Amino acid sequence: MARVTRDDVARVAGTSTAVVSYVINDGPRPVAPATRARVLAAVEELGYRPNRVAQAMARRRTDLLGMVVPDARQPFFAGLAHAVEQAAADHGRLLLIGNSDYVDEREAHYIRAFLGMQVDGLVLVTQDPATPGLTGFDVGDGTPVVLLHHRAETPDGVAVVADDEGGAREVVRHLLGHGHAEVHCFGGTLALSPHDPVTGRTAGWAAALTEAGLATEGRLVPAPFDRVRAHAEALALLARPDRPSAVFCATDDQAIGLLRAADDLGIRVPEQLAVAGFDDIAEAVIAGPALTTVATAQDEMARAAVDLVLGGAERRSTGARTFPARMVLRRSCGCPAPDRAAVGADAGAVLI
């Protein structure tokens, strides 16, 4: 079958091709409601599909946004990508997603590829804002770039982040409040960027211990971010004769790996081991037992990132927009089985 063209739609609707263009592109000139209805009916009847590439060339706008995440298989990044996709759709944009797999070269590859597609902007969940892939952004062709979940390296960078340090400090204080003499941190590698969210969470853990007059030395345990590999590291930690009585995990995925390791070793949570995580992924509530964690304003952060990308230079103030984090108390920390409507005693904490 021959491809249906705009001329065909105009002929069936009894209008000019220009009017068809105004209806399909929602402008630049207004179209009477009755005429618009005829054009849309003709589009449906003929099965016309606009050539988006040609439209993009004519308008010099692709209606595409690019997003790079470390690993969309991880629940936190999957949820974040979904939130960004929804925010982009609210603005009439399509989202392209690439996985860097924590590899600088792959991250740079997707950045170059998306720029080559002339995306309207980029939302990056980068592992390090100093990587080669970020060099020259927002300088050459003016493509707007916003970091999400990760702070910018330079003062003129644009980032949307959570209060990682503050959230970690509060949940570690809560663990200490249960009477634990020490709290280990099951965190990321020791080579993380100082701008990485896990670095901030580790700093919050250390600050809470220091405030309580407790040492941090020897209590930071590097761990992979995915639950399967974290499980192996957790087995080694919990098999030690001097195993901790409480552990703060920098991510919920790590915490779920640690909970499984505790179960494998017959360690009862929370009676023999208190555990808290960070991110409040969907699975936290069905973990065994339900995981005390720190929730971030993921949907609001995603909307803010997309708004900043599409807002134009005059609206894209530099620096970080920091969203609050709140503690969510569940069974894994030692809190009693709660009334779901109850509010925890800690300021900002929700007991569910």
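Quantities reported herein were computed from a predicted structural model and do not represent experimental measurements.
Ala239 approaches Leu265 most closely through the heavy-atom pair N-CD1, 4.0 Å. Ala72 and Ala78 make their closest contact through O-CB, 3.4 Å (heavy atoms, listed as atom of the first residue, atom of the second, distance). Of all non-hydrogen atoms in Phe114 and Ile97, the two that sit nearest each other are CZ-C, 4.0 Å. Summarising the geometry of Ala87 relative to Val306, their closest heavy-atom pair is CB-CG2, 3.7 Å, with the distance given to 0.1 Å. Between Ala208 and Leu176, the shortest heavy-atom distance links the atoms O-CD1, 3.8 Å. Ala287 approaches Leu259 most closely through the heavy-atom pair CB-CD1, 3.9 Å.
Hydrophobic clustering (side-chain heavy atoms under 4.5 Å, transitive across Ile, Leu, Val, Met, Phe, Trp, Tyr) groups Val19 together with Val12. Using a 4.5 Å cut-off between side-chain heavy atoms of Ile, Leu, Val, Met, Phe, Trp and Tyr, with links allowed through other members, Leu220 and Val247 fall into different hydrophobic clusters. Residues Leu237 and Phe225 fall into different hydrophobic clusters, defined by Ile, Leu, Val, Met, Phe, Trp and Tyr side chains chained together at heavy-atom separations under 4.5 Å. Residues Phe77 and Val198 share a single hydrophobic cluster, defined by chaining ILVMFWY side chains whose heavy atoms lie under 4.5 Å apart. Note on Ile256: it does not cluster hydrophobically with Val228, by side-chain heavy-atom contacts below 4.5 Å among ILVMFWY residues.
With respect to the salt-bridge test (charged N to carboxylate O, under 4.0 angstrom), the residues Arg11 and Asp7 do not qualify. A salt bridge links Asp280 to Arg330: at least one charged side-chain nitrogen sits closer than 4.0 Å to a carboxylate oxygen. Using a 4.0 Å cut-off between a side-chain N of Lys or Arg and a carboxylate O of Asp or Glu, Arg169 and Glu165 qualify as a salt bridge. Under the 4.0 Å criterion applied to side-chain N and carboxylate O atoms, Asp279 and Arg201 are assigned as salt-bridge partners.
Atom CZ of Arg240 sits about 4.5 Å away from atom NE2 of His184, to the nearest 0.5 Å. Note that the CD atom of Glu182 and the CG atom of Leu209 stand 8.5 Å from one another [nearest 0.5 Å]. Here CG of Leu291 is found 8.0 Å from CD1 of Ile281. Values are rounded to the nearest 0.5 Å. Note: Thr296 OG1 to Asp164 CG = 8.0 Å, rounded to the nearest 0.5 Å. Taking CG of Asp90 as the reference point, atom CD of Glu85 lies at 10.5 Å (rounded to 0.5 Å). Between the CE atom in Met67 and the CG atom in Leu96 there is a gap of 12.0 Å [rounded to 0.5 Å].
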**Q.** Verdict with supporting geometry, Glu300 and Arg321, side chain to side chain contact (heavy atoms under 4.5 Å, CB included)
**A.** CA-CA 11 Å; Glu300 291 86 346; Arg321 291 193 180 183; over 6 Å; no

Q. Is there a side chain to side chain contact (heavy atoms under 4.5 Å, CB included) between Val119 and Leu65 once you walk through the steps?
A. CA-CA 5 Å; Val119 294; Leu65 296 181; 5.7 Å; no

Q.
Using the rule given for side chain to side chain contact (heavy atoms under 4.5 Å, CB included), can you reason through Leu80 versus Val69, listing the C-alpha separation, both sets of side-chain angles and the distance that settles it, and then say yes or no?
A. CA-CA 9 Å; Leu80 196 60; Val69 297; 5.8 Å; no

Q: Start with the C-alpha gap between Asp63 and Asp120, add the side-chain angles, then the distance that decides, and say whether side chain to side chain contact (heavy atoms under 4.5 Å, CB included) holds.
A: CA-CA 6 Å; Asp63 287 341; Asp120 297 336; 4.0 Å; yes

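Of the possible donor and acceptor atoms, none in the side chain of Asp101 sits under 3.5 Å from a partner among the backbone N and O of Val103. Without hydrogens or angle criteria, Thr292 side chain to Ala276 main chain gives no donor-acceptor distance under 3.5 Å. Within the 3.5 Å criterion, the main-chain N or O of Phe278 finds a donor-acceptor partner in the side chain of Thr293. At least one donor-acceptor pair under 3.5 Å links the side chain of Trp205 to the backbone N or O of Val183. Of the possible polar contacts, none joining the Asp253 side chain to the Asp226 backbone as a donor-acceptor pair under 3.5 Å is found. Here the side chain of Ser332 pairs a donor or acceptor atom with the backbone of Val275 at under 3.5 angstrom. The main-chain N or O of Leu273 is never found under 3.5 Å from a side-chain atom of Ser245 such that the two would form a donor-acceptor pair. No donor-acceptor distance shorter than 3.5 angstrom exists from the side chain of Arg73 to the backbone of Asp71, with no hydrogens or angles considered.
Residues Glu170 and Val294 fail the side-chain proximity criterion, which asks for heavy atoms closer than 4.5 Å. Between Tyr110 and Ser100, every side-chain heavy-atom pair lies at or beyond the 4.5 Å cut-off. In this structure the side chain of Cys333 never reaches within 4.5 angstrom of the side chain of Val171, judged on heavy atoms. Looking only at side-chain heavy atoms (C-beta outward), Val328 and Val285 stay at 4.5 Å or farther from each other. Side-chain contact between Val43 and Val23 is absent, with no heavy-atom pair separated by less than 4.5 Å. Side-chain contact between Glu233 and Pro224 is present, with heavy atoms from C-beta onward closer than 4.5 Å. A heavy-atom distance below 4.5 Å is not found between the side chains of His82 and Gln298. Residues Leu147 and Leu124 are in side-chain contact: their nearest non-hydrogen atoms beyond the backbone lie under 4.5 Å apart.
Each of Gln254, Gln74, Glu283 was evaluated against Arg227; a single residue qualifies, Glu283, per the side-chain hydrogen bond (donor to acceptor under 3.5 Å, both in side chains) test.
The aromatic rings of His150 and His195 sit tilted, their planes meeting at an angle between 30° and 60°. Relative ring orientation between His149 and Phe76 is described as tilted, the plane-to-plane angle lying within the 30° to 60° band. Note on ring orientation: taking the six-membered ring where Trp is involved, the planes of His180 and His178 are tilted (angle from 30° to 60°).
Residue pairs satisfying the salt bridge (charged side-chain N to carboxylate O under 4.0 Å, His left out) criterion with at least one member in residues 27-48, sequence neighbours excluded, are listed as follows: Asp26-Arg36.
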